[in-house]
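So the structure is just underneath, and the comments pick up after that.
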Amino acid sequence: MRKVLRMTMLLLLTAWVNAAFADTYTYEFSAKVFSGNGEKDLGGVTWKLQTDAVFFGYSGDKGLQIGKAGEHATFVTLSTNGIQGTVSSVKIETSGAKGIDAELEVTVGGVPFGDKYTLTNVNTGHEFKGTASGEIALNYVNRGKALYIKRITVEYDTAGGEEPGGESGGDEEGEDPMENAETFVFNSEPGLALLGISVPQVGKYTAVKNDLNSNGITLANTNGTARTRVHNSNGNYTFRVYNGGSITLTSDNETPITQIVVDFDELGTVKAGEGTWNVDGKIGTWTGEAASVTLQVEVKSFINTINVVTGGTAPKPLQEVSGLAELKDVDDGTDVLLYITDADDVRVLFADAENNAFLRDKSGTRVYFKGVKTKPTMKFNSHLAGYVYGKKTSVGGMTVLEATAKTSSAMLLIAEPVMEKDVTPADVSTGNHTDHIADWVLIKGTPVSNGKVSLGGSDVEIKNEYGLTDVNFYHEPYDNARVDISAIAFVAEPGIIELRPIYNKVEQTVAHLVEEVEFLPIVYVIDEKEELVLPTTNMDNVAVRLERKFYGGKWNTLTLPFGVENVEGVLCRYKSVEGNVMVFEKTNRIEPGVPYLYKPEEGQENVLYKGVTLSNTAAHDVYHNGFHFVGTYKPYSMKTDNTERLVGDDNKLYSPTSETSGKIGSTGAYFVVPSAAGDVMVKVDENISGIESAYSSTGESTKDSRVYDLYGRFTGHGTEQLPKGIYIVEGKKIVVK
């Protein structure tokens with residue numbers, strides 16, 4: 001047996017010396033390595049960057065950032081002469097910002113290698129295949145937006161028995177024939193010996209009961225319908241896993257596994273969990289990124305070798321961090337134990353149903369908790385203190401604490417506020433939203449176009465990511481509407497900020513005796529200084545803020561695109577006309593588009609109407625016998641020719657004397673009367689006053705005059721036969737004694 005083993009090793013050794021050495025170079029950008037043109041050591045290989053970019057950054061999800069929106073790089077070349085040998089594959093994980101328009105071409109030795117690749121905004125690995133040697137260059141041509149490079153992987157061979165970076169030749173007796181072999185070799189006696197597996201006799205097997213370790217990878221297995229084993233079939237050794245069994249490959253230091261290649265002697269049915277599993281003949285290849293990968297064997301399979309490739313960098317040691325501000329300064333990818341003191345007053349700005357929450361401390365520092373499940377669940381206004389595990393990452397300057405397997409809320413206290421002030425949004429109407437990423441913000445009276453608002457010269461998209469409906473007073477804002485937005489300023493990707501509307505409510509509890517306050521995600525704003533654009537269809541359960549002033553104890557004109565019930569104060573609508581008297585009747589109900597006279601007891605400003613139906617009904621012109629009361633949804637300058645008039649405090653209609661005095665705001669109304677009309681008054685039920693002082697009968701003939709009572713009713717011509725009382729004759733009050 002010893003002689004057979006020695007002969008096998010000598011044959012393997014001879015084959016190894018005369019063969020090419022396969023090797024893989026991998027580097028993942030885990031920080032902003034480059035800040036400009038020049039050379040950097042990337043994983044033991046010197047790379048040279050040439051570009052016209054002036055901005056450089058880093059994203060934990062997408063890697064090194066080159067350029068940004070408005071200052072994009074038109075070209076990028078990243079090259080190296082540090083990888084010697086024949087290159088067979090160059091795989092680049094790369095992407096761009098949203099809206100990217102760029103291509104990547106790889107050259108080896110100055111010759112195109114594989115096909116050009118068109119970038120997307122999703123980090124994607126693209127493999128360039130060929131056979132060439134010489135300088136490796138990544139050549140980007142870019143027509144806009146930021147570029148990102150996440151990982152570079154190069155597969156190459158060094159011929160003639162020469163190790164990459166080493167010298168040719170070597171002492172046969174001093175070389176290890178398994179040094180450059182696959183991670184797990186089951187089809188040779190040297191491979192089994194390195195794994196500590198006893199070589200079985202012909203027709204026999206050795207059960208694999210314990211975990212196997214090789215090159216920083218641990219292989220564990222479970223039995224299927226038969227025990228997992230290494231079998232010797234006439235000198236052909238295979239690792240056999242039967243129906244229902246499994247293989248789990250785990251990186252010992254948690255460095256992500258990026259590729260697994262399995263050479264099957266007999267392939268049944270094998271499936272993998274996360275990542276991509278492809279089979280070509282008897283070669284199965286898994287690609288992805290995970291610390292542990294399980295291959296589930298549904299139909300028995302016999303394996304010759306398994307090769308495992310890891311990429312990136314190992315996780316950094318656990319770091320204890322005190323407070324949100326200190327967390328911001330921790331390197332991305334670091335596991336942390338975050339300690340939050342009660343004095344930090346860390347509060348929840350918003351929490352969704354997917355265990356994601358946005359926090360802010362008393363200094364204004366914000367952190368996004370991603371997938372951090374707690375008990376009780378976090379909700380708006382909650383107060384946090386204690387310890388929580390997680391991994392610190394970031395996206396475009398937004399600090400993120402991601403949940404890991406160690407994350408637990410057991411040491412995290414979540415309490416309702418008692419004496420603390422309630423959390424309120426930051427007003428970013430002036431465009432300072434970039435200073436409030438991952439923050440709860442409020443934007444007032446901003447116009448909407450194509451689902452976006454303009455802030456600080458940039459278009460920011462409104463995205464309903466949290467499933468709001470009209471139950472929460474949310475409707476997707478229509479074009480040219482003006483709105484108040486209560487939202488989270490979220491970084492979707494570096495350089496791209498979204499407004500994600502939220503609904504918050506300060507609730508009264510036994511311990512927190514405060515007035516309940518609602519913060520509505522979308523409030524439609526009707527500004528008396530701006531033309532109102534109506535929706536194309538009616539919208540139910542809407543919140544509307546009327547940006548105008550009502551004067552207390554005086555007549556105000558009012559036309560609204562929504563109905564209101566039980567209006568307080570004196571509300572009147574135009575009913576009829578009698579002579580030169582326009583008669584109004586009292587009501588307490590507003591209908592969409594109808595103009596009204598409105599006299600509140602006290603002044604009002606910026607009135608909020610909640611739960612109304614915003615109508616697409618146009619403003620009405622209500623008229624009787626040539627006397628009109630006209631509503632308007634846009635500012636209007638009245639004519640000064642005595643045909644268009646305002647109501648005075650004395651209920652008499654007056655023609656404006658100038659363009660300035662005749663301005664009507666949006667949601668107002670004005671009167672239109674015949675050009676020959678003289679004095680015109682309005683009457684509200686029994687109340688007509690201030691037209692003229694009352695006069696006693698003077699004996700002047702009134703037999704041909706039209707006479708009205710104080711209710712505005714026509715009583716006939718002349719006063720001779722009238723009972724005692726006060727009447728209206730030719731616009732004046734007279735007393736019949």
Side-chain angles (χ1 to χ4, degrees), residues 316-395 397-426 435-441 466 486 488-490 500 502-517 519:
K316 300 175 178 65
L318 179 69
Q319 184 173 336
E320 294 188 11
V321 178
S322 180
L324 303 187
E326 188 173 318
L327 180 65
K328 292 175 69 72
D329 296 329
V330 174
D331 291 339
D332 281 0
T334 302
D335 284 352
V336 299
L337 175 59
L338 174 63
Y339 174 54
I340 300 172
T341 70
D342 184 64
D344 287 342
D345 194 22
V346 172
R347 309 289 289 282
V348 178
L349 304 175
F350 175 76
D352 66 18
E354 304 299 324
N355 300 312
N356 303 312
F358 299 86
L359 311 180
R360 184 203 292 158
D361 68 14
K362 65 181 180 182
S363 72
T365 304
R366 286 94 52 196
V367 170
Y368 172 41
F369 272 27
K370 183 178 179 180
V372 179
K373 189 175 182 179
T374 63
K375 190 176 181 179
T377 56
M378 290 181 282
K379 65 178 183 177
F380 165 62
N381 225 9
S382 295
H383 189 157
L384 270 63
Y387 292 88
V388 61
Y389 282 98
K391 179 178 289 186
K392 189 267 180 177
T393 61
S394 64
V395 181
M398 181 172 69
T399 302
V400 183
L401 183 77
E402 292 188 21
T404 68
K406 297 179 181 179
T407 301
S408 168
S409 63
M411 296 186 293
L412 190 63
L413 175 66
I414 303 173
E416 298 296 328
V418 179
M419 302 300 294
E420 304 95 322
K421 292 182 179 179
D422 295 315
V423 182
T424 56
D435 297 329
H436 290 274
I437 57 177
D439 202 0
W440 175 24
V441 300
Y466 302 121
S486 174
I488 295 293
F490 187 85
R500 297 185 170 185
I502 61 174
Y503 172 83
N504 277 343
K505 182 178 181 180
V506 175
E507 295 182 340
Q508 183 184 102
T509 65
V510 174
H512 193 54
L513 295 173
V514 294
E515 180 181 357
E516 292 191 344
V517 179
F519 296 91

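Just so it is clear, the values below take in all heavy atoms, side chains as well, and ignore hydrogens, waters and symmetry mates.
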No-hydrogen, no-angle side-chain donor-acceptor test under 3.5 Å, Glu420 and His383:
yes
Euclidean distance, Ser394 OG relative to Glu402 CD, rounded to 0.5 Å:
10.0 Å
Give, for atom CG of Asp352 and atom CZ of Arg500, the distance between the pair rounded to the nearest 0.5 Å.
9.0 Å
With sequence neighbours excluded, residues passing ring pair (Phe, Tyr, Trp, His ring centres under 6.0 Å) with Phe519:
Trp440
With heavy-atom distances below 4.5 Å as the criterion, would you say the side chains of Leu324 and Asp344 are in contact?
no
Thinking salt bridges, do Asp332 and Lys392 make one under a 4.0 Å N-O criterion?
yes
For residues Thr334 and Asp331, is any side-chain donor paired with an opposing acceptor at under 3.5 Å?
no
Short side-chain to backbone donor-acceptor contact, Asn504 and Leu349, under 3.5 Å:
yes
Tell me whether the count of non-hydrogen atoms from other residues, nucleotides or ligands lying under 6.0 Å of CD in Glu320 goes above 12.
no
Do the non-hydrogen side-chain atoms of Asn381 and Val348 ever get within less than 4.5 Å of each other?
no
Do Thr407 side-chain atoms and Tyr389 backbone N/O form a donor-acceptor pair below 3.5 Å?
yes
Are any side-chain N or O atoms of Asn355 and backbone N or O atoms of Val372, one a donor and one an acceptor, separated by less than 3.5 Å?
no
Any donor-acceptor N/O pair, Lys362 side chain to Ala343 backbone, under 3.5 Å:
yes
So CG of Leu413 and CG of Asp342: to nearest 0.5 Å the spacing works out to 8.0 Å
Side chains of His512 and Asp422 in contact at under 4.5 Å (non-hydrogen atoms):
yes
Closest non-hydrogen atom pair, Ala438 against Met398
CB-CG, 3.7 Å
Looking at Arg347 and Val423, what are the two nearest heavy atoms and their distance?
CB-CG2, 3.5 Å
Would you say Leu338 and Phe369 make side-chain contact, with heavy atoms under 4.5 Å?
yes
Do you know which two heavy atoms are closest between Val367 and Leu327, and how far apart they sit?
CG1-CD2, 3.9 Å
When rounded to the nearest 0.5 Å, the distance separating CZ of Phe358 from CD1 of Ile437 is 11.0 Å
Answer yes or no: is there a donor N or O on one side and an acceptor on the other, between the side chain of Asp361 and the main chain of Ser363, under 3.5 Å?
yes
Can you name the closest pair of heavy atoms from Arg360 and Ala426 and give their distance?
NH2-N, 4.2 Å
Sorted by chain and number, sequence neighbours left out, ring pair (Phe, Tyr, Trp, His ring centres under 6.0 Å) with Tyr503 holds for none
Ala351 and Met378: which non-hydrogen atoms are nearest, and at how many Å?
CB-O, 3.2 Å
Looking only at side-chain N and O atoms, does Glu416 offer a donor or acceptor that is under 3.5 Å from a partner on Thr509?
no
Quick one: does Asp439's side chain have a donor or acceptor within less than 3.5 Å of a partner on Val441's backbone?
no
Nearest heavy-atom approach of Gly371 to Asn356 is N-OD1, 2.8 Å
CG-CD1 distance between Leu384 and Ile340, expressed to the nearest 0.5 angstrom
5.5 Å
Does some side-chain heavy atom of Val506 sit less than 4.5 Å from a side-chain heavy atom of Glu516?
no
Please check: side-chain N/O of Gln508 versus main-chain N/O of Leu513, any donor-acceptor pairing under 3.5 Å?
no
Going by ring pair (Phe, Tyr, Trp, His ring centres under 6.0 Å), name the residues that satisfy it together with Phe350, two or more places apart in sequence or in a different chain.
Tyr466
